[in-house]
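For reference, the structure is listed below as structure tokens.
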Protein chains: 2
Amino acid sequence: MSTTPTTDWLRLDQQICFSLNAASRAFGGVYRVVLKDLGLTYPQYLVMLVLWEHGDLPVKKLGEHLRLDSGTLSPLLKRLEAAGLVRRERSARDERSVEVRLTEEGTAMRERALQVPRRIATATGLDVDEIRALRARLDDLTTALDAAVAEEMGAGR
Amino acid sequence: MSTTPTTDWLRLDQQICFSLNAASRAFGGVYRVVLKDLGLTYPQYLVMLVLWEHGDLPVKKLGEHLRLDSGTLSPLLKRLEAAGLVRRERSARDERSVEVRLTEEGTAMRERALQVPRRIATATGLDVDEIRALRARLDDLTTALDAAVAEEMGAGR
DNA sequence: CACAATTCGATTGCGCACAACTAAATAGCT
DNA sequence: AGCTATTTAGTTGTGCGCAATCGAATTGTG
């Protein structure tokens with residue numbers, strides 16, 4: 001099927017990474033439109049989802065749920081605080097920790113956010129089972145990629 | 001299967017977008033390790049791939065291949081130029097256009113880049129057919145998402 | 001108790017992505 | 001020719017993602 005294997009490899013490579021990247025950015029575009037009413041960006045929306053589901057959390061726990069570190073979360077949370085959706089309070093029993101708490105306004109926003117998932121799901125053009133299947137594949141891929149990075153780190157190269 | 005449909009929707013929604021986002025960032029981590037030897041970031045690597053495949057191109061064409069605009073490409077290309085991999089020259093017959101040309105060094109880098117795709121493919125833990133299938137799903141998803149954004153823009157939600 | 005190691009968050013710096021705008025050149029129309 | 005609209009890069013500003021570093025607090029150990 002190929003007379004120039006090196007070129008084929010380069011092109012195949014591009015297609016995997018590029019497709020994923022493109023899909024991710026296309027999703028970003030949809031969320032940008034859908035979340036405009038709420039005044040949230042997509043990562044901010046993810047933070048709100050976690051808080052709505054799990055209640056108040058320290059920054060560390062929030063980061064574990066979202067796979068994000070403080071370098072990303074600190075400024076993001078300040079913007080959410082400036083928007084009046086969240087308060088940040090140092091924990092009393094561990095002064096290193098900062099508790100992120102929903103304000104009344106932040107809690108109230110959940111009602112308005114309930115319409116978001118349907119609109120996103122519609123935009124994907126996929127049904128529930130297809131979404132589930134795709135999600136499973138992507139999670140497996142993420143696991144494999146993370147493991148590969150961990151190996152490279154440990155084994156040098 | 002669910003007694004609280006709204007909550008289920010929120011969680012399903014989170015899982016789709018989040019899984020995609022996580023996979024994209026996990027890919028970034030792998031590329032960061034693999035491209036370290038070449039001194040390229042992942043988007044810079046994509047630009048080099050396009051140039052290796054299509055030869056010299058104006059910024060506009062480059063952006064069409066990569067779905068990126070000048071706001072992203074201009075500084076990126078300046079960094080590639082500073083690294084000596086690329087030259088930017090205003091077109092003689094259309095002064096608005098800037099041709100991006102590979103330098104000898106940039107052309108030579110292709111040889112070293114040939115090892116990258118194999119290492120990435122290995123990291124995914126997928127075989128060629130699985131990669132192809134996943135790519136097709138992601139491309140379909142991107143198409144659907146782009147169409148949805150276009151509709152929202154046109155129909156005003 | 002004293003000291004070292006760890007944890008947690010914030011900050012800084014760099015690069016990407018995108019929107020909005022500017023400037024320059026070209027194309028098209030009258 | 002003259003005027004307008006379009007095309008093409010570039011610039012600015014905002015926000016995310018990540019690495020590296022710092023300071024403060026806590027924990028572990030002798």
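Chain A is the first sequence line, chain B the second, and so forth, proteins listed ahead of strands; every chain is numbered from 1. FYI, side chains are in, hydrogens and waters are out, and symmetry mates aren't considered; it's all heavy atoms of this structure.
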Problem - Residue whose nearest DNA chain D nucleotide is more 5′ - A/T41 or A/A92 - result: A/T41
Exercise for the section: Select one nucleotide: of D/dG17, D/dT26, C/dC18, the one nearest the side-chain heavy atoms of B/R25. Expected result: D/dG17
Problem - Within-4.5 Å side-chain heavy-atom neighbours: B/R32 and A/V149 - result: no
Exercise for the section: Starting from P on D/dC18, measure out to CG on A/D146 and report it in whole angstrom. Expected result: 10 Å
Problem - Contacts of B/K61 that satisfy side-chain contact (heavy atoms from CB on, under 4.5 Å) - sequence neighbours left out - result: B/L57, B/P58, B/E64
Practice task
For A/L145 and D/dC18, give me the distance from atom CG to atom P, rounded to whole Å.
Solution key: 13 Å
Handout entry: Value in whole Å for how far the C1' atom of C/dG15 lies from OH of B/Y45
Key = 19 Å
Handout entry: Closest non-hydrogen atom pair, B/L46 against A/C17
Key = CD2-SG, 4.1 Å
Fill in the blank from the handout: Residue set satisfying salt bridge (Lys or Arg N to Asp or Glu O under 4.0 Å) with A/R135, at least two apart, ordered chain then number -> A/D139
Practice task
May I ask you to say whether A/R67 pairs ionically with A/D146, meaning some side-chain N is under 4.0 Å from a carboxylate O?
Solution key: yes
Practice task
Write down the distance between CG (B/L46) and C1' (C/dA17), rounded to a whole number of angstrom.
Solution key: 13 Å
Exercise for the section: Could you tell me which residues satisfy salt bridge (Lys or Arg N to Asp or Glu O under 4.0 Å) with B/E105, sequence neighbours excluded, listed by chain and number? Expected result: none
Exercise for the section: Go along nucleotides 1-6 of chain D 5' to 3' and tag each nucleotide: B for a protein heavy atom under 4.0 Å from its base, S when only backbone or sugar atoms are that close, - otherwise. Expected result: ------
Exercise for the section: Taking only the side-chain nitrogens and oxygens of A/R88, find out if one of them lies under 4.0 Å from OP1 or OP2 of C/dG9. Expected result: no
Exercise for the section: Quickly work out the A/F27 CZ to C/dA17 C1' distance and round it to whole Å. Expected result: 17 Å
Fill in the blank from the handout: B/N21 CG to C/dA17 P, in whole Å, measures 13 Å
Exercise for the section: Please state whether the phosphate of C/dC8, meaning OP1 or OP2, lies under 4.0 angstrom from any side-chain nitrogen or oxygen of A/R93. Expected result: no
Practice task
Nearest whole angstrom, please: distance from the C1' of C/dC8 to the CD of A/E99.
Solution key: 13 Å
Practice task
Counting heavy atoms from C-beta on, name the nucleotide in D/dG10, C/dA10, D/dG17 closest to the side chain of A/R90.
Solution key: C/dA10
Handout entry: Ion pair B/R101/B/E89, N-O distance below 4.0 Å
Key = yes
Exercise for the section: Taking only heavy atoms on the protein side, list every residue of residues 59-77 of chain A lying under 4.0 Å from any atom of DNA chain C, sorted numerically. Expected result: A/V59, A/K60, A/S70, A/G71, A/S74
Practice task
Would you kindly give the CG-to-P distance between A/D94 and C/dT6, to the nearest whole Å?
Solution key: 17 Å
Exercise for the section: Quick one: list whatever passes side-chain contact (heavy atoms from CB on, under 4.5 Å) with B/T107, sequence neighbours left out. Expected result: B/L102
Handout entry: Close side-chain approach of B/L138 to A/I16, heavy-atom, < 4.5 Å
Key = no
